[in-house]
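Remarks on the structure that follows.
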Amino acid sequence: MPNTDKPKILVVNDDAASLLALTSLLDQWAEESHYEVLSARSGQDALRQVLRHDFAVILLDVNMPGMDGFETAEAIHQRPRSADIPIIFVTAFLADEIDRLKAYQRGAADFLFTPVIPQVLRAKVQVFVALATKNEQLKRQAEKLSQRTTELTATNKRLVREMEERRAAERKSSAKDEFLAMLGHELRNPLSAISSASSLLGMPGAGAESVSRARLIIQRQTQHLSRIVDDLLDLSRAMSGKILLSRKRIDIGPLVSSCLDTFRATGRTAGYQLDSRINAGWVDGDPTRLEQIATNLIDNALKYTPGGGQIEIAVDSVGEDVVLTVRDSGVGIPPDLLPQVFDVFVQGSISIDRSQGGLGIGLSLVRRLVELHGGSVSATSGGSGKGSTFEIRLPRAEPTAAIDAPASTVAAAAKPTVLLIEDNDDGREMMATMLGSYGYPVLQARDGLEGVRLACAELPGVALVDIGLPGIDGYEVARRLRQHPDTADIRLIALTGYGLAEDQRRVLEAGFDLHLVKPVDLVTLLQQLAEPANA
């Protein structure tokens, strides 16, 4: 099998004797000069060879029947692949200047006259073989260089990507570290206040005023801790897609007004110029989550606006959207932070203004909740010290017809007996004490089996059941009470630290009427206890 790496020479001649003579001469030097010799008997045969092989040089007879040498040369050089193959015309007569011009126009590189002088033939052929060899070497070097360049380019792109990923990971890690440090700070502050206030309550010389103030501090700081935990849990649920919306047709105008009233009642708006323009805005949404959105935006405005500043809240219907706008004259948002203001951990690392405390995850939670409602959120600011504006857009819904609730003619019923099933002694005692102070008779059980026994014996109106109980858990307590005919109608309320949608589903499937997450807001619990047993 011929060596395909060697340069090839094509000899074209219609005369068999002449063809044999030329190929024989060339074959003598082929091994030494490292080339391969092929032959063709006509112009058409030569074209077929050119289609199959690359040639260092072609020795082409001028006088051939049918397609002569000039026509064959022209056809060879018309094909892009063979356009640059050098051609040496072989002729039996001394060509005049006109013939030479014609030959050169057809792509001739040189002439050989018969009878061929072997030394001349060898010298001419070796020039083109050497040139082809050098071209092939250059081509391979270029291919290797191109391949190396491609490899280096790919390596460079990979290194750049890895560096960018590493920088992004380092930024995220740094932001998380700063966030966790701030979380520790925010948790220690209220815990320290609670610890100090608790110590004060135990001091024998503490006056009534000091005790009252200590109790208020404990209550306020406990609520603060509860808000921190709620924000963290809600953000985690929203980011993992585990928040399920309980949608209903609702006008968010009164909802936003109620949020403002709450801030006014707690004194948060004191010292601010508060302007509101609340119009009707009907949406399909979860009232609890919509209230959370509005509360976080208003809280954010109060937190980052110095006393005496101006805060504007507006609800409007614009086209197909209901727009909630909260604008403040506070510290503003730097341009480099503005695109990231809704990202998790970003505010913890930037720390715009820590005078009011907080983790800065409220805006991240707002964005997640708004997106769950099919809406959008945006922030604008003129820069540091120039205030900021947050705008929520939610898809507008058609308003519902107002239904007047019939006036209640039933007198307030006696408060039901409450069975409290809780294994945490301190938590059970405090809950029992609070309920007792509001006039509720309270039974206590410290595990599930004792709770079922008490329920069957005393038949309370309501049972507040912790889920994580020793013996049998809260789910099994609910199933047993529902299966027993004497306790099947007891109103069952689950009190648990687990607040995911899956936890709520399991609670309701077990037979509970309601699922409340610890720490339970006392007002909410009292409202639920006031509901009729079969509400």
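When reading the values below, keep in mind they use all heavy atoms of this one structure, side chains included, and skip hydrogens, waters and symmetry mates.
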Q.
Side chains of V452 and E450, heavy atoms from C-beta outward: is any pair under 4.5 Å?
A. no
**Q.** N-O pairing of E476 and R479 below 4.0 Å
**A.** yes
Q | Contact check, side chains of T325 and T389, non-hydrogen atoms, under 4.5 Å | A | yes
Q.
Taking S246's backbone N and O only, do any of them form a donor-acceptor pair with D286's side chain (distance below 3.5 Å, no angle check)?
A. yes
Q. Stepwise, does the side-chain contact (heavy atoms from CB on, under 4.5 Å) test hold for S276 with L260?
A. CA-CA 9 Å; S276 60; L260 281 172; 3.9 Å; yes
Q: Decide salt bridge (charged side-chain N to carboxylate O under 4.0 Å, His left out) for R167 and E165; before the verdict, give the C-alpha distance in whole Å, the side-chain angles of both, and the deciding distance to 0.1 Å.
A: CA-CA 5 Å; R167 283 196 292 266; E165 291 173 352; over 6 Å; no
Q.
Check whether S195 reaches the backbone of L191 with its side chain - one donor and one acceptor, N or O, closer than 3.5 Å.
A. no
Q: Please lay out, stage by stage, how R505 and E509 fare under the test salt bridge (charged side-chain N to carboxylate O under 4.0 Å, His left out).
A: CA-CA 6 Å; R505 182 188 63 78; E509 286 179 353; 2.7 Å; yes
Q.
Check whether R396 reaches the backbone of V318 with its side chain - one donor and one acceptor, N or O, closer than 3.5 Å.
A. no
Q. When you look at S210 and R213, which way does the side-chain contact (heavy atoms from CB on, under 4.5 Å) test go after all the steps?
A. CA-CA 5 Å; S210 297; R213 188 164 61 251; 3.9 Å; yes
Q: Measure from the side-chain N and O atoms of E458 to the backbone N and O of P460, and report whether any donor-acceptor pair falls under 3.5 Å.
A: no
Q.
Test salt bridge (charged side-chain N to carboxylate O under 4.0 Å, His left out) on E151 and R148; report intermediate values, then the result.
A. CA-CA 5 Å; E151 292 173 354; R148 182 60 177 160; 3.6 Å; yes
Q: Of all the heavy-atom pairs spanning G461 and P416, show the shortest one and how long it is.
A: CA-CB, 4.1 Å
Q.
For L201 versus A214, what's the shortest heavy-atom pair and its separation?
A. CD2-CB, 4.0 Å
Q. Considering only heavy atoms from C-beta outward, does the side chain of I421 approach that of Q444 to under 4.5 Å?
A. no
Q) Taking the side chain from H373 and the backbone from L369, do they hold a donor-acceptor pair closer than 3.5 Å? A) yes
Q: Is it possible for you to check whether R506 lies under 6.0 Å from the centre of the six-membered ring of Y475, through NZ or CZ, and within 45° of that ring's axis?
A: yes
**Q.** Atom pair OG (S199) and CD1 (I194), whose distance is rounded to the nearest 0.5 Å
**A.** 12.0 Å
Q. Hey, are the side chains of Y440 and L529 touching, using non-hydrogen atoms and a 4.5 Å cut-off?
A. yes
Q) Under the 3.5 angstrom rule, does the side chain of N296 hit a backbone N or O of V366 as a donor-acceptor pair? A) no
Q.
In the structure I gave you, are the side-chain heavy atoms of D321 and L394 within less than 4.5 Å of one another anywhere?
A. no
Q: Under the salt bridge (charged side-chain N to carboxylate O under 4.0 Å, His left out) rule, what do R327 and E312 come out as? Steps first, then yes or no, please.
A: CA-CA 5 Å; R327 181 178 292 109; E312 302 173 17; 3.4 Å; yes
Q) Is there a side-chain contact between V323 and E391, using heavy atoms and a 4.5 Å cut-off? A) yes
(Q) Just so I know, are the side chains of T305 and V331 near enough to count as touching, which here means a heavy-atom distance under 4.5 Å? (A) no
Q) Is there a donor in the side chain of R480 and an acceptor in the side chain of Q483, or the other way round, less than 3.5 Å apart? A) no
Q: Run the numbers on I493 and F512 for side-chain contact (heavy atoms from CB on, under 4.5 Å), then give the verdict.
A: CA-CA 6 Å; I493 299 176; F512 283 95; 5.7 Å; no
**Q.** Polar side-chain atom of N279 near backbone of V315 as donor-acceptor pair, under 3.5 Å
**A.** yes
Q) So, for L454 and A445, which heavy atoms are closest and what is the spacing to 0.1 Å? A) CD1-CB, 4.0 Å
(Q) For A432 versus L420, what's the shortest heavy-atom pair and its separation? (A) N-CD2, 3.8 Å
Q.
Show the nearest heavy-atom pair for residues C259 and I298, with the distance to one decimal.
A. CB-CD1, 4.3 Å
Q) Hey, are Q310 and D328 close enough side-chain-wise for a donor-acceptor pair under 3.5 Å? A) no
Q. For the side chain of S381 and the backbone of G387, is there at least one donor-acceptor N/O pair under 3.5 Å apart?
A. yes
**Q.** salt bridge (charged side-chain N to carboxylate O under 4.0 Å, His left out), paired with R446, selected from D423, D425, D466
**A.** D425
Q. Below 4.5 Å, heavy atoms only, C-beta onward: do L435 and L464 meet side chain to side chain?
A. yes
**Q.** Heavy-atom donor-acceptor pair, R482 side chain to G511 backbone, under 3.5 Å
**A.** yes
Q | Contact summary for P441 and G439, nearest pair of heavy atoms | A | CD-O, 3.5 Å
Q) Is Y272 reaching over with its side chain to a backbone N or O of L302, donor-acceptor style, under 3.5 angstrom? A) yes
